[in-house]
**Q** 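Handing you a structure now.
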Amino acid sequence: MTKVFKFGGALMKDAGGIRRVAGLVSDFPGTQLVVVVSALGKTTNALELLLKSLLANDKTGIEKIFIRIRRLHFEIAESLFGNARHGVFDELNNTFEELNQILNKTFENRYEAYDQVVSFGEMFSAIIVNAFFKENNIPSRFVDARAIIVTDSNFTSASIDWKFTRQTVSDRLIPLLEKGEIVLTQGFIGADKDGNTTTLGREGSDFTAALIANIIDADEITIWKDVPGIMNADPARFDDCRKLDRISYHEAIELAFFGASVIHPRTIQPAQHKNIPLYVCSFHDPSSFTLISDDTSFDDRLPKIILKDNQALLSIGSRQLAFIAEENLTRIFETFSKHKIHINMMQNSAVSFSVCFNDEPEKLEALINELKEEFFLKYNSGLQLITIRYYNGELVNELTAGKKIFLEQRSRHTIQMLVR
Ligand code: ASP
Ligand code: MG
């Protein structure tokens with residue numbers, strides 16, 4: 001039996017979480033196991049802030065955030081290892097020193113800088129988890145993801161070079177697994193062919209787990225979560241939510257695509273291609289899970305609600321009432337792609353084109369500067385994108401009551417509304 005486990009930052013926000021990870025891993029003796037970890041707690045967000053201070057040349061900000069990230073990791077390590085002479089502290093010190101040096105380097109652009117800085121969250125977490133596994137006599141072997149996950153150089157959302165990655169993952173991991181070692185690696189990061197660190201997009205560790213599972217032909221993937229499984233709506237916002245016990249790959253990919261945050265949209269395909277069952281499982285109660293597989297017989301018409309806050313809407317109009325058609329659209333899409341803005345919803349009329357996406361002010365500014373020469377632009381922010389799969393009139397009315405609708409799109413099964 002071969003399994004891939006992925007543990008996210010929300011589970012490993014303190015020493016207790018890491019103890020629990022080690023406990024779970026020990027519960028599967030005799031299983032060939034790959035463990036994929038992401039950054040501890042909210043470290044990735046903190047590293048994004050660190051980068052922001054770096055780009056703004058805000059020395060005080062850099063120092064403050066650096067110290068905060070360092071403290072979090074040392075506090076967790078101290079509570080796990082106590083003894084200040086444990087080797088993990090040297091390793092952490094060296095890696096923080098490496099980060100410090102990177103903060104003094106110059107980069108070609110902010111995307112490259114992002115990957116060199118933000119990838120450190122996964123380095124720190126892997127050091128601590130690996131040391132803790134060793135401490136608990138778990139036969140773990142750390143394999144740096146940058147040595148096995150080969151990507152292009154599209155920093156911040158790199159694509160996998162499947163040919164090379166297939167080779168390196170099989171060559172490196174399979175012999176270790178066959179020897180009975182538990183392989184530990186970082187999610188979210190990889191390296192391009194020149195050895196530069198790259199990242200796969202926020203929350204990308206799920207994808208790392210799925211792609212490794214695909215290559216080593218794992219029997220199962222488990223994404224451990226601090227929720228009971230995939231729910232039909234966010235329990236923090238709605239009463240009477242229901243857990244989906246079993247859903248198909250197709251249904252899961254639809255939900256992930258529309259923004260259900262429990263699972264990264266790129267995770268499903270590698271699992272589906274090899275027909276590997278994917279469990280989204282409760283960290284605290286492993287008997288509670290959602291099983292995603294090729295079985296469609298459990299898919300039902302229960303409405304599923306996905307809310308995405310902090311949305312921006314850009315309406316792009318042509319000058320002189322020229323049609324917005326193929327050529328203009330190509331230009332517009334190229335500009336979005338160049339600035340790495342992912343479109344959540346779009347709609348066009350004869351002379352205008354409306355696009356909804358996550359509001360990230362810096363990216364938006366760059367986009368507007370580029371498009372404003374050619375087009376009339378109108379912009380709204382602070383919107384919410386409501387998606388209901390298997391909608392009904394009553395639910396639509398309930399969710400839009402008192403709200404202004406900016407865009408609306410219906411298909412047979414799904415309605416999307418951009419509201420304020
Ligand atoms: N640590 C990264 C993030 O927070 C990747 C992940 O969690 O999957 O986005
Ligand atoms: Mg994370």
Side-chain angles (χ1 to χ4, degrees), residues 4-14 17-18 20-21 34-52 65 68-70 72-73 76 95 99 110-111 113-130 142 144-146 148-149 151 154-160 184-191 197-214 221-227 230 252 256-257 259-271 278-281 283 308-310 340 342 358 360 363:
V4 179
F5 283 178
K6 182 260 170 170
F7 296 100
L11 310 177
M12 301 187 295
K13 60 182 189 314
D14 51 28
I18 294 175
R20 173 102 185 111
V21 167
V34 178
V35 176
V36 175
V37 291
S38 66
L40 305 188
K42 299 219 178 294
T43 301
T44 306
N45 291 353
L47 286 163
E48 284 187 348
L49 288 177
L50 182 67
L51 177 79
K52 211 167 158 188
I65 301 164
R68 185 154 58 106
I69 298 172
R70 200 171 184 285
L72 171 85
H73 288 84
I76 291 180
T95 313
L99 172 58
R110 63 194 187 88
Y111 302 113
Y114 182 101
D115 283 9
Q116 309 320 304
V117 171
V118 174
S119 54
F120 270 86
E122 272 67 15
M123 317 287 187
F124 300 139
S125 69
I127 290 172
I128 293 178
V129 173
N130 190 44
F142 169 63
D144 195 319
R146 294 169 301 173
I148 52 172
I149 307 293
T151 72
N154 185 15
F155 295 113
T156 75
S157 42
S159 295
I160 303 300
L184 173 72
T185 191
Q186 311 99 323
F188 179 57
I189 67 173
T197 304
T198 54
T199 67
L200 309 175
R202 285 302 307 262
E203 309 303 329
S205 302
D206 294 355
F207 175 51
T208 305
L211 95 91
I212 291 176
N214 173 297
I221 306 167
T222 304
I223 312 283
W224 295 93
K225 280 275 165 188
D226 58 355
V227 291
I230 298 180
F257 172 80
S261 58
V262 241
I263 193 155
H264 191 280
R266 285 163 89 187
T267 314
I268 315 293
Q269 273 163 1
L278 176 61
Y279 290 85
V280 176
C281 190
F283 187 57
K308 269 171 101 77
D309 290 327
N310 198 26
K340 304 190 192 236
H342 173 74
N358 298 353
E360 296 170 83
K363 288 187 181 179

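Here the structure is a predicted model, which is why all the values come from computation and not from measurement. Atoms within each ligand, like the ligands themselves, are counted from 1 in listed order.
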**Q** Given that the side chain starts at C-beta and the backbone is N, CA, C, O, which of these parts of S38 lies under 4.0 Å from ligand 1, counting heavy atoms, or is it both or neither?
**A** side chain
**Q** Among residues at least two apart in sequence or on other chains, which ones pass ring-ring contact (aromatic ring centres under 6.0 Å, His included) with Y279?
**A** F289
**Q** Going by heavy atoms in the side chains, are K13 and L40 under 4.5 Å from each other?
**A** no
**Q** If the contact criterion is a heavy-atom separation under 4.0 Å, does G9 count as touching ligand 1?
**A** no
**Q** Using a 4.0 Å heavy-atom threshold (strictly under), name the region of H264 that reaches ligand 1: side chain, backbone, both or neither.
**A** neither
**Q** Do any nitrogen or oxygen atoms of D206 lie less than 3.5 angstrom from nitrogen or oxygen atoms of ligand 1?
**A** no
**Q** If the plane angle is over 60° it's perpendicular, under 30° parallel, otherwise tilted; pick one for F5 and F7.
**A** perpendicular
**Q** Does the structure place the NZ or CZ of K225 under 6.0 Å from the centre of the six-membered ring of F283, at an angle of no more than 45° from the ring's axis?
**A** no
**Q** Can you list the atoms of ligand 1 that are under 4.0 Å from a heavy atom of A39?
**A** 1 (N)
**Q** Go through ligand 1 atom by atom and flag the ones less than 4.0 Å from a non-hydrogen atom of R202.
**A** 3 (C), 4 (O), 9 (O)
**Q** Using distance alone, with no hydrogens and no angle criterion, decide if S119 and T197 have a side-chain donor and acceptor under 3.5 Å apart.
**A** no
**Q** Is it true that the side chains of N358 and K363 contain a donor and an acceptor less than 3.5 Å apart?
**A** no
**Q** Does ligand 1 come near enough to K6 that some N or O of the ligand is less than 3.5 Å from an N or O of the residue?
**A** no
**Q** Does the residue E122 have a heavy-atom contact with ligand 1, meaning some pair of atoms that are separated by less than 4.0 Å?
**A** yes
